[in-house]
Amino acid sequence: MTKLPLPRLTATSASASTVLALSLLLTACSPSTDAGKDDGKPASALTHIHGLGLLDETLYVATHEGIYSPGEGGAPVPVGERRDDFMGFTVAADGTFLASGHPAPGTGGPADLGLVASEDAGRTWEVRSLGGEVDFHALDTAAGGPVYGYDSANGRLRVTRDQVVWEDRARLRALDIAVSPTDPDTVLATTGTGVARSTDGGRTFAPGEGQVLSYVSWGAADALYGVAPDGGLFRSGNGGDAWTRVGAVPGGGPQALTAVGSRRLLVATGDGVYESEDAGRTFERRMAVAAGEDGH
């Protein structure tokens, strides 16, 4: 497939339009009041992407209608039978899929999935905790560390070490979180005023400042990536103290970002899922996406 060369730009401060775009995202990602209900309308294909993961070189895409992997020509192929609205999604170091969100329309049950897990790459799922209580819009964990979840309905970060018992941590208004791969007590959160940092396991956060980003992902200690609401791609080598703009993601409308190591990136945008193996200088489209009006 065609590689897309992207310009290398210098860092810029966030514009008013960028801050407004993130504010709209924060507002739009509210829990659905129709989860679990059937409105009689067929779900359109991949109306929104919420998370990306890689396991044994297979790409997994968490969407408004279940988990998908790319098939022939990049066409989305469903994984398993569940078509739940998977919101927060991450692949743990041991290969376990962790997710949250809402059940598929018409399946009944509580509106919030809590924390669900799959040990067979998304084919089957089980509820680990908080079923019917919480919809995590962001999940992240570092190898050997706790699982962090951002409870969007209550505006609170929560943490668990056994995926069963959760502790409430700081309240904040955020869109995405990222955990340091070398220090599980260091957590970043994207906010409307910049990236907020916690160094005490999410108990407290410094005010968001600096570069305004929608999504962040920590691929390595010296390779923290972020994508802005306008698609600008940034990298930090010092844990977010300073950011350098390395280009822009193709397709517009960023929806998810996952860094796999220091140079490999997965990003979902308005027209597809893209992969970069050169730290964001070029991208190859792995899956085609037709964005829909799903209210997210």
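- No side-chain heavy atom of L115 sits under 4.5 Å from any side-chain heavy atom of S100.
- Follow the hydrophobic side-chain contacts under 4.5 Å out from L172 and you never reach L188; the two are in separate clusters.
- With sequence neighbours excluded, the residues forming a side chain to side chain contact (heavy atoms under 4.5 Å, CB included) with T182 are S180, A221, listed by chain and number.
- Listed by chain and residue number, N154, R156 satisfy the side chain to side chain contact (heavy atoms under 4.5 Å, CB included) test with R171 (two or more places apart in sequence, or in another chain).
- At least one side-chain heavy atom of R158 sits under 4.5 Å from a side-chain heavy atom of L130.
- With sequence neighbours left out, the side-chain hydrogen bond (donor to acceptor under 3.5 Å, both in side chains) criterion links E126 to R128.
- Side-chain atoms of H50 and D85 include a donor-acceptor pair closer than 3.5 Å.
- Not counting sequence neighbours, the partners of R264 by the salt bridge (charged side-chain N to carboxylate O under 4.0 Å, His left out) test are E57, E275.
- Residues F283 and L233 form a side-chain contact, since some pair of their non-hydrogen atoms from C-beta on lies under 4.5 Å apart.
- Screening residues 86-96 for salt bridge (charged side-chain N to carboxylate O under 4.0 Å, His left out), with sequence neighbours left out, gives no hits.
- Remark: S69 pairs with no residue by the side-chain hydrogen bond (donor to acceptor under 3.5 Å, both in side chains) rule, at least two apart or across chains.
- In this structure, G280 and S276 approach most closely via the heavy-atom pair N-OG, 2.8 Å.
- Note on residues 169-200: no pairs pass ring-ring contact (aromatic ring centres under 6.0 Å, His included), not counting sequence neighbours.
- Counting only residues at least two apart or in different chains, ring-ring contact (aromatic ring centres under 6.0 Å, His included) contacts with residues 167-201 are absent.
- Residue pairs meeting the ring-ring contact (aromatic ring centres under 6.0 Å, His included) criterion with at least one partner in residues 138-159, sequence neighbours excluded, are absent.
- Residues meeting the side chain to side chain contact (heavy atoms under 4.5 Å, CB included) test with T269, sequence neighbours left out: V249, V267, D271, Y274.
- When atom types are taken as modelled, the side chain of T258 and the backbone of L52 share a donor-acceptor pair closer than 3.5 angstrom.
- Shown here are the side-chain hydrogen bond (donor to acceptor under 3.5 Å, both in side chains) partners of W125, two or more places apart in sequence or in another chain: there are none.
- Between L98 and T90 there is a side-chain heavy-atom pair separated by less than 4.5 Å.
- Every residue two or more places apart in sequence or in another chain was checked for a ring-ring contact (aromatic ring centres under 6.0 Å, His included) with F205, and none qualifies.
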